[in-house]
Amino acid sequence: QVQLVESGGGLVQPGGSLRLSCAASGFTFSRYAMSWYRQAPGKERELVAYISSTGGSTNYADSVKGRFTISRDNAKNTVYLQMNSVKPEDTAVYYCRAGSLDAWGQGTLVTVSS
């Protein structure tokens with residue numbers, strides 16, 4: 001009964017910022033690496049950002065490197081994605097993932113448009 005609830009999406013202008021949150025339950029959050037994925041219209045789901053269980057290591061897709069920051073608060077069972085300098089090509093539904101578990105939430109839609 002792993003549950004992942006993404007929130008924080010919405011309409012944002014190019015160059016703007018957005019902070020996504022993922023509230024997790026049903027598993028020992030602090031033992032799992034967490035990731036953010038996104039799926040744009042007509043495209044495959046792609047890995048955007050990764051953070052280790054302790055938060056000591058992160059990694060990013062080249063397309064978002066330098067603009068997005070993943071972080072986590074193990075006391076709150078929450079992982080975040082800070083999105084800065086957003087571009088129209090960032091438009092997608094964003095999902096979080098716990099480790100390699102196949103347990104996807106509903107995602108949160110980010111639309112970058114003028």
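Positions are given from 1, in the same order as the sequence printed here.
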**Q** Does CD in Glu89 sit with more than 12 non-hydrogen atoms of other residues, nucleotides or ligands closer than 6.0 Å?
**A** yes
**Q** Check whether more than 12 heavy atoms from other residues, nucleotides or ligands sit under 6.0 Å from atom CD of Glu46, and answer yes or no.
**A** yes
**Q** Which heavy-atom pair separates Ala40 from Thr91 by the least distance, and what is that distance?
**A** CB-O, 3.5 Å
**Q** Indicate yes or no: at least one non-hydrogen side-chain atom of Pro14 is less than 4.5 angstrom from one of Val86.
**A** no
**Q** Tell me the side chain to side chain donor-acceptor pair (under 3.5 Å) pairs involving residues 7-34, sequence neighbours left out?
**A** Ser17-Asn84
**Q** For residues 47-54, tabulate all N or O donor-acceptor pairs below 3.5 Å that involve a side-chain atom, not counting sequence neighbours.
**A**
from, atom 1, to, atom 2, distance (Å)
Ser52, OG, Gly56, N, 3.1
Ser52, OG, Ser57, N, 3.0
Thr54, OG1, Gly56, N, 3.2

**Q** Quick check: does any side chain N or O of Thr111 sit under 3.5 Å from a backbone N or O of Leu11, one acting as donor and the other as acceptor?
**A** no
**Q** Is any side-chain heavy atom of Phe29 less than 4.5 Å from a side-chain heavy atom of Met34?
**A** yes
**Q** Give every residue pair that meets the ring-ring contact (aromatic ring centres under 6.0 Å, His included) criterion with at least one member in residues 68-114, sequence neighbours excluded.
**A** Tyr37-Trp104
**Q** Identify the two heavy atoms, one from Cys96 and one from Val79, that lie closest to each other, and give their separation to 0.1 Å.
**A** CB-CG1, 4.3 Å
**Q** Do Glu6 and Leu20 come close enough that some side-chain heavy atom pair is under 4.5 Å?
**A** no
**Q** Considering only NZ, NE, NH1 and NH2 on the basic side and carboxylate oxygens on the acidic side, decide whether Lys65 and Asp62 come within less than 4.0 Å.
**A** yes
**Q** Out of curiosity, does Trp36 fall in the hydrophobic cluster containing Leu101 (side-chain heavy atoms, cut-off under 4.5 Å, transitive links)?
**A** yes
**Q** At their closest point, which heavy atom of Ala24 faces which heavy atom of Leu4, and how far apart are they?
**A** CB-CD2, 3.7 Å
**Q** Does a side-chain N-to-carboxylate-O contact under 4.0 Å join Arg67 and Asp90?
**A** yes
**Q** So, for Arg38 and Ala92, which heavy atoms are closest and what is the spacing to 0.1 Å?
**A** CB-CB, 3.8 Å
**Q** How many angstroms lie between CE in Met83 and CG in Leu81, if you round to the nearest 0.5 Å?
**A** 6.0 Å
